[in-house]
Each structure stands twice: as structure tokens, then as C-alpha cells.
Amino acid sequence: MNLSVKSALIASVLLPFALEVGEVYAENVEVAPMIVNGTDASILDFPSFVSLYIDSQEYDGRYSSGAYCGGTLLNDTHVMTAGHCLSSFSTYDEGAVFFTSAVVGLENENRFLNAEKQRVEAVFFHPNFENNISRLLPNDIVILRLEQAVTGGSAVTRATSSEAGQYRSLLASFVALGHGDVQTGVSGTSILQRADLFWVSNLTCANNFNNGRFLTDNQICFSGATSLSNG
């Protein structure tokens with residue numbers, strides 16, 4: 001696993017996978033998209049955001065210098081993130097599974113050592129998760145159970161299927177949140193980043209992907225001036 005890859009989190013709703021439309025085709029989409037060309041975000045505006053780190057300090061004294069993915073706090077002991085964050089193309093990433101720590105309230109990655117963090121004790125992949133970008137990563141969900149409850153942050157208010165008509169709308173607003181690059185391929189900031197996105201219908205979205213037929217109603221698409229993948 002590349003620890004420099006920081007995945008974006010769609011912070012407004014809890015959904016399996018977000019695809020951004022444009023002149024992009026499925027086989028060229030990065031498996032772990034980044035926030036690119038975003039703007040600084042305040043963690044106070046996103047208290048359910050969780051940073052995921054490889055942290056083996058108790059084992060060999062090492063830890064990653066940056067978050068490898070973002071997640072969403074479901075309650076004080078459970079975090080949801082993308083299944084691909086903890087798996088490789090052929091097998092689950094044992095390093096991520098066994099040495100992940102969840103960090104709440106982290107706006108600046110440089111403050112990791114002093115932040116509240118809890119080790120992940122159990123990982124639950126969606127039973128039908130398929131780590132296959134050609135099929136648009138179906139059921140790309142994993143739930144992490146923490147060893148102890150976190151005291152900071154606050155659980156997200158989850159969207160329900162009955163609310164689909166409210167958030168699948170041009171009037172709805174969405175934010176992609178995560179640690180990422182200030183420019184394509186240029187790291188340059190340790191501050192949490194955000195990008196504003198706009199809903200796109202699945203029909204329009206599917207037509208933007210060579211493998212758009214694999215898009216399901218469990219997924220949602222966005223467009224925006226700021227790219228999630230390559231700027």
C-alpha cells in the first residue's frame with residue numbers, strides 16, 4: 001500500500017462510492033482518489049471526519065507521516081471508510097488491517113502524535129465488496145471497530161434511502177474532504193482540504209465511463225471545478 005495516497009471523503013452523506021464525471025474513463029480512474037487543488041478546511045465544520053494512519057509504534061516504533069485514507073465516525077466505536085483503503089488488488093492489506101489507528105479532530109497532520117487516536121481492533125468488509133476498478137468498485141465499504149470509544153468528534157447524521165430525492169438533486173450541496181495535494185502530484189500541505197461538488201444523475205454519469213453499465217443506484221456521481229483524481 002502506498003502510504004502517501006490520501007483518499008477523499010464525501011462528508012455530507014454516507015454512500016459507498018463517489019464517481020466524478022468529466023473526460024475520464026473507468027480504467028483511468030485512480031483506485032484511491034485524492035483531494036487536488038482544494039482549499040483549507042476547518043475540522044470544526046466536519047466533526048465526524050476521521051483520519052486513518054498506519055501506526056505500529058507499540059510494535060516497532062514506526063508510524064506513517066500522513067493519513068492513508070479518511071473515514072466517517074458512525075458512533076464512538078465505529079468508523080466507515082472505503083473497502084479499497086484496506087485492500088490491495090489481490091488480497092487484503094495486512095498492514096492496514098492490523099496497524100490502523102483512527103484519529104478524530106485532526107486538522108493538521110503534523111499534530112498526529114498529540115491527537116486522540118484509537119487502534120482498530122476489527123475490520124468488517126461488505127460481503128459483496130469487489131476491489132475492481134473496471135467494475136467501479138462495487139460495495140466499496142468497510143466498517144472499522146475501535147478498541148476503545150473516542151471522546152472527541154461527533155457521529156455523522158446518516159442519510160436514508162427515503163431521503164434519496166433530497167440529496168440526489170441539483171439543489172443539494174456536497175463536500176469532498178480529506179488530506180491531499182495542493183496541485184496534481186504536489187503534496188505541499190498538511191492541512192485538511194475540501195472541495196465543493198455538485199450532483200450528477202447516474203444516467204449522465206454512466207455515459208462518461210466506458211464501463212458505466214456497472215454503475216448502480218448505491219453509488220452517486222458528482223462534478224465540480226476541483227478534481228478528486230487528477231486535477
Side-chain angles (χ1 to χ4, degrees), residues 1-2 5-35 50 52 68-74 78-97 100 120 122-145 156 158-169 172 174-178 195 197-224 227-230:
M1 182 186 65
N2 185 347
V5 173
K6 292 103 173 179
S7 180
L9 166 72
I10 303 303
S12 301
V13 293
L14 285 177
L15 293 166
F17 184 52
L19 301 173
E20 184 171 7
V21 301
E23 298 303 319
V24 179
Y25 295 96
E27 57 265 37
N28 295 323
V29 176
E30 295 180 24
V31 173
M34 306 176 192
I35 296 288
V50 177
L52 301 177
Y68 71 82
C69 267
T72 300
L73 192 64
L74 301 180
H78 291 85
V79 173
M80 188 188 80
T81 189
H84 71 255
C85 286
L86 282 86
S87 65
S88 65
F89 284 110
S90 59
T91 185
Y92 296 134
D93 189 313
E94 293 183 354
V97 171
T100 287
V120 171
V123 177
F124 304 96
F125 285 88
H126 190 288
N128 296 318
F129 165 58
E130 186 176 348
N131 194 19
N132 185 342
I133 191 61
S134 294
R135 296 179 61 88
L136 306 184
L137 296 171
N139 304 299
D140 191 17
I141 297 176
V142 65
I143 303 297
L144 311 177
R145 188 177 70 208
V156 72
R158 281 171 272 181
T160 65
S161 57
S162 63
E163 297 173 307
Q166 299 177 34
Y167 65 78
R168 292 182 186 266
S169 166
F174 300 88
V175 176
L177 187 69
L197 302 175
F198 307 95
W199 173 78
V200 174
S201 72
N202 277 26
L203 178 60
T204 299
C205 185
N207 290 332
N208 278 267
F209 288 85
N210 286 343
N211 296 327
R213 67 186 183 280
F214 293 114
L215 189 66
T216 74
D217 290 339
N218 292 325
Q219 295 163 303
I220 189 168
C221 297
F222 303 95
S223 66
S227 172
L228 286 176
S229 55
N230 59 13

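In this text, all values refer to a predicted model and were calculated from it rather than measured experimentally. As a basis for the values below, the full set of heavy atoms in this structure was taken, side chains included, without hydrogen atoms, waters or symmetry mates.
With Q219 contributing its side chain and L136 its backbone, the two residues share a donor-acceptor pair below 3.5 Å. At distances below 3.5 Å, at least one donor-acceptor pair connects side-chain atoms of T81 with backbone N or O atoms of G70. In terms of modelled atom types and a separation under 3.5 Å, the side chain of N211 and the main chain of S134 share a donor-acceptor contact.
For the atom pair F214 CZ and R135 CZ, the distance stands at 4.5 Å (nearest 0.5 Å). Taking NE2 of H78 as the reference point, atom CG of L73 lies at 10.5 Å (rounded to 0.5 Å). Between atom NE2 of residue H126 and atom CD1 of residue I141 there is a gap of 5.5 Å, rounded to the nearest 0.5 Å. A distance of 5.0 Å separates CD1 in I143 from CG in L74, rounded to the nearest 0.5 Å.
Side-chain atoms of L86 and L144, non-hydrogen and from C-beta on, do get closer than 4.5 Å to each other. Looking at heavy atoms from C-beta onward, I220 lies in side-chain contact with F174 at the 4.5 angstrom threshold. Y68 has its side chain within reach of C85: a pair of non-hydrogen atoms, C-beta onward, lies under 4.5 Å apart.
Between V200 and C205, the shortest heavy-atom distance links the atoms CG1-N, 4.1 Å. Across every non-hydrogen atom of R168 and D217, the tightest pair is NH2-O, 2.8 Å. Closest heavy-atom contact between A206 and L215: N-CD2, 3.9 Å. T72 and V50 get closest at one heavy-atom pair: C-CG2, 4.4 Å. Between S87 and F125, the shortest heavy-atom contact is CB-CE2, 4.4 Å.
H84 and D140 are linked by a side-chain donor-acceptor pair at a separation below 3.5 angstrom, with hydrogens and angles left out of the test.
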